[in-house]
Amino acid sequence: MSQYTPPLRDMQFVLHELLEADKQYQEIPRHQEVSRELIDQVLEEGGKFCAEVLHPLNRSGDEEGCELRADGVVKTPAGFKDAWQEFTAAGWPALSCEPDFGGQGLPHTTQTAFQEMMNASNQSWAMYPGLTHGAYQALLAHGTPEQKALYLPKLISGEWMGTMCLTEAHCGTDLGMLRSRAEPQADGSYRISGTKVFISSGEHDMSANIVHLVLARLPDAPAGTKGISLFIVPKFVPAADGTPGERNAVMCTRLENKMGIHANATCEMQFEGATGWLVGAPNKGLNAMFVMMNGARLGVGMQSLGLMEAAYQSSAAYAKERLQARSLSGPKAPDKPADPIIVHPDVRRMLLTQRAWLEGSRAMAFWTALMIDQYEHHPDEEVRKDSADLVTLLTPIVKAFNTDNGFQCTVLAQQVFGGSGYIRETGIEQYVRDARINMIYEGTNTIQSLDLLGRKVLGDNGAKLRKLGDLVKAFVEAEGTNEAMAEFVNPLAELAGKIEKLTMEIGMKAFQNQDEAGAAAVDYLRIIGHLVLSYLWARMAKIALTKADTDDFYRAKLSVARFYFAKLQPETAALIRTARAGAATLMELDEALF
């Protein structure tokens, strides 16, 4: 059976020692009373909920799945609705939401750490509140005062839940092709018609109402993405007193039969003249929806981070117990018929790879969350601008780099288990299946790579990337004469220098032929992902060096840092070479010959 213990000690290390979050909060008026003791208390209680309530439902929910009943209502697996009621009774949906609408106003950093634990415990279940929080964020940013007053308190309390309805069968990421229509009505509402597919949490029995945020076209809308508007379409039209009223003309017509995340209802949704209300300005729907989409991209990165932790814990425990063969350097457990497999070098490689990706990804995700707190609420305009630029740069990396590594980690965990990892009883094969979708939805990882290289780097002539580079440069200069840090600082500095040259080279080639950017983008994102992790692992190593002699936690942290720089970071050499290889070998073959 899979196991999960909330990784509170490592979370505390990242939040308190690496990021010094409580000190950062002192510069943000709304968070000045948020202490490390408060953060630890929240995460300890959240960890208990995840480990004791959500994790026991993970395998049973996967095996039972969701059921579309004849009345059009989706029945979620046993225990899911009860867990939601316990979740809302404890106030968890309100954690980082605005106090003006019933939220607790805690930092995004705290919300992100809690989100990781939910995903590690039960990704399918965690998607329900994750999408609800995304709908809340979109309406908070772009809703009218009346829409906020009606919907936000209910989304924050968990009385109502939310979704995002973008994809149609003929268009995925290319939303400019969508066909859903919105006909204006005399009372200011709209009639929404169309079919949406792959809608996570689109229909279920967990809440009194479901608030769909739907992209559709007005009758006079221009073609392409400039003609898309966003609408609120609730499952039940709110009555005058704000309670759910008559059933709206929106139904789930099919549940997708999926490889993984079986316990989350992935729906085909049919809108047949459903009543909706415009959010934001006409034809500016993508501007509003991008609030939810960017939040979802970060959230998907957190899904894979959670799965990395759960898979690592299970495979590490198994490697210590499973007896198989003898160590090549002589028996390590002579009193037993064989040694535990953790003595074998390649098993250690698989475990350390998981741990290096996991702990580096946690640092990157929490750092990104801290910068969200800064760009939203810091009183200094320059700090807000710098933080916003770095979050913009990091969002596709958190999504794509984390999910690529997350899938690799679950597969490595399965490999550690051997044949036992291929059968359902251990729970590892579920992690592999669940992790696979994270590389696809909310914009495939190729889309994230194109976004990073095209929009976030070349689009502003590298301005945002230079802000990351300035942080790296400052750290390298500060530690460059520290001999104890040479094994970390030297490869970091070398990579930063190579990226500067590579970026300029790709930019010049792409200026002549845009396919050059497309050919390099996936490799390029992975290289930048390594730059971020190298920077964070070097910072973590610096902290660990001062305490490794007396504390096993820091000794382990230092060992994993050394493994990352010795075994994983050198991947960048090959990636730089393939990124430079160009588009010719990809594009020269005639389509008919494929």
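Throughout, residue positions are numbered sequentially from 1 according to the sequence presented. Because only heavy atoms are used, hydrogens play no part in the values below, and waters and symmetry mates are left out as well, while side chains stay in.
Looking at heavy atoms from C-beta onward, K196 lies out of side-chain contact with L166 at the 4.5 angstrom threshold. By the 4.5 Å heavy-atom criterion applied to side chains, L95 and Q104 are counted as neighbours. In this structure, F114 and T110 have side chains that are not in contact, with every pair of non-hydrogen atoms separated by 4.5 Å or more. The shortest distance between side-chain heavy atoms of L298 and I372 falls below 4.5 Å. Side chains of W84 and T76 form no contact here, defined as non-hydrogen atoms less than 4.5 Å apart. R69 places none of its side-chain heavy atoms less than 4.5 Å from the side chain of E203. When side chains are defined from C-beta on, K456 counts as touching P396, because their heavy atoms get closer than 4.5 Å. Side-chain contact between P244 and W160: present, with at least one pair of heavy atoms (C-beta onward) separated by less than 4.5 Å.
Taking the side-chain contact (heavy atoms from CB on, under 4.5 Å) definition, one finds that V279 meets it with L139, H142, Q147, L230, I232, sequence neighbours left out. With sequence neighbours excluded, the residues that form a ring pair (Phe, Tyr, Trp, His ring centres under 6.0 Å) with H377 are H31. By the side-chain contact (heavy atoms from CB on, under 4.5 Å) test, Q85 pairs with K81, D82, sequence neighbours left out. With sequence neighbours excluded, no residue forms a ring pair (Phe, Tyr, Trp, His ring centres under 6.0 Å) with Y524. K464 pairs by the salt bridge (Lys or Arg N to Asp or Glu O under 4.0 Å) definition with D460, not counting sequence neighbours. Partners of H530 under the ring pair (Phe, Tyr, Trp, His ring centres under 6.0 Å) rule, at least two apart in sequence or in another chain, are W357, F401, Y564. R254 pairs by the side-chain contact (heavy atoms from CB on, under 4.5 Å) definition with E256, E268, not counting sequence neighbours. Every side-chain contact (heavy atoms from CB on, under 4.5 Å) that R433 has, sequence neighbours left out, goes to D62, M259, H262, R424, E429, Q430.
Annotation: ring-ring contact (aromatic ring centres under 6.0 Å, His included) contacts involving residues 222-247, sequence neighbours excluded, comprise Y190-F231. Within the structure, every pair that satisfies the side chain to side chain donor-acceptor pair (under 3.5 Å) test and touches residues 175-186, not counting sequence neighbours, is listed here: E168-S180, H170-R179. Sorted by first and then second residue, the ring-ring contact (aromatic ring centres under 6.0 Å, His included) pairs involving residues 280-304 (not counting sequence neighbours) form an empty list.
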Please tabulate, one pair per line, all N/O donor-acceptor pairs under 3.5 Å involving side-chain atoms of residues 211-224, not counting sequence neighbours.
unit_1	atom_1	unit_2	atom_2	d
H212	ND1	T163	OG1	2.8
R217	NE	L178	O	2.9
R217	NH1	P222	O	3.1
R217	NH1	G224	O	3.1
R217	NH1	G227	O	3.2
R217	NH2	G176	O	2.4
R217	NH2	G224	O	3.1

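To the nearest 0.5 Å, atom CG of residue N264 and atom SG of residue C66 are 6.5 Å apart. The distance from the OG atom of S124 to the NZ atom of K258 is 7.0 Å, given to the nearest 0.5 Å. Here the OG1 atom belonging to T403 is positioned 10.0 Å from the CD1 atom belonging to I440, to the nearest 0.5 angstrom. Atom-to-atom distance recorded for T88:OG1 and M161:CE is 9.5 Å, nearest 0.5 angstrom. Here OG of S207 is found 7.0 Å from CG of N209. Values are rounded to the nearest 0.5 Å. Taken to the nearest 0.5 Å, the OG1 atom of T112 stands 12.5 Å off from the CZ atom of R362.
Across all non-hydrogen atoms, the minimal contact from T167 to G172 is CG2-CA, 3.9 Å. In plain terms, the two heavy atoms of S189 and T275 that are nearest each other are CB-CG2, 4.1 Å. Contact detail for A138 and A288: the closest heavy-atom pair is CB-O, 4.1 Å.
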Would L152 and L140 count as a side-chain contact (heavy atoms from CB on, under 4.5 Å) here? Give the steps. CA-CA 7 Å; L152 294 188; L140 179 67; 3.9 Å; yes
Give the C-alpha distance, both sets of side-chain angles, the deciding distance and a yes or no for side-chain contact (heavy atoms from CB on, under 4.5 Å) between S387 and H378. CA-CA 10 Å; S387 297; H378 200 284; over 6 Å; no
Intermediate values then yes/no, side-chain contact (heavy atoms from CB on, under 4.5 Å), V250 and M269: CA-CA 7 Å; V250 51; M269 302 296 296; 3.8 Å; yes
Side chain to side chain donor-acceptor pair (under 3.5 Å) assessment of N438 paired with Q123: CA-CA 11 Å; N438 297 338; Q123 177 173 319; 3.1 Å; yes
Stepwise side chain to side chain donor-acceptor pair (under 3.5 Å) test for H108 and E376: CA-CA 10 Å; H108 285 285; E376 288 189 350; 2.9 Å; yes
Go through the steps for T446 and L450 under the test side-chain contact (heavy atoms from CB on, under 4.5 Å), then give the verdict. CA-CA 6 Å; T446 297; L450 291 168; 4.3 Å; yes
Between N402 and S361, is a side chain to side chain donor-acceptor pair (under 3.5 Å) present by the stated rule, with each step listed? CA-CA 6 Å; N402 280 9; S361 297; 3.1 Å; yes
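A salt bridge does not link E442 with R297: none of the charged nitrogens is closer than 4.0 Å to a carboxylate oxygen. Look at E64 and K75 and you find a salt bridge, because one of the NZ, NE, NH1 or NH2 atoms lies within 4.0 Å of a carboxylate O, short of that distance.
Paired with T395 under the rule side chain to side chain contact (heavy atoms under 4.5 Å, CB included), one option of V391, T392, V398 passes, and it is V391. Considering T572, N445, N405 as possible partners of R526, the one that fulfils the side chain to side chain donor-acceptor pair (under 3.5 Å) test is N405. Here the options are L531, V457, L468, the test is side chain to side chain contact (heavy atoms under 4.5 Å, CB included), and the partner is I499; only L531 passes.
Separation of the Y151 and W277 ring centroids does not fall under the 6.0 Å cut-off.
Sparse packing is recorded around CG of N257, with 12 or fewer heavy atoms of other residues, nucleotides or ligands lying under 6.0 Å away. Counting heavy atoms of neighbouring residues, nucleotides and ligands inside a 6.0 Å radius, atom CZ of F198 does not exceed 12 of them.
With 3.5 Å as the limit, one finds no donor-acceptor pair spanning the side chains of N461 and R466.
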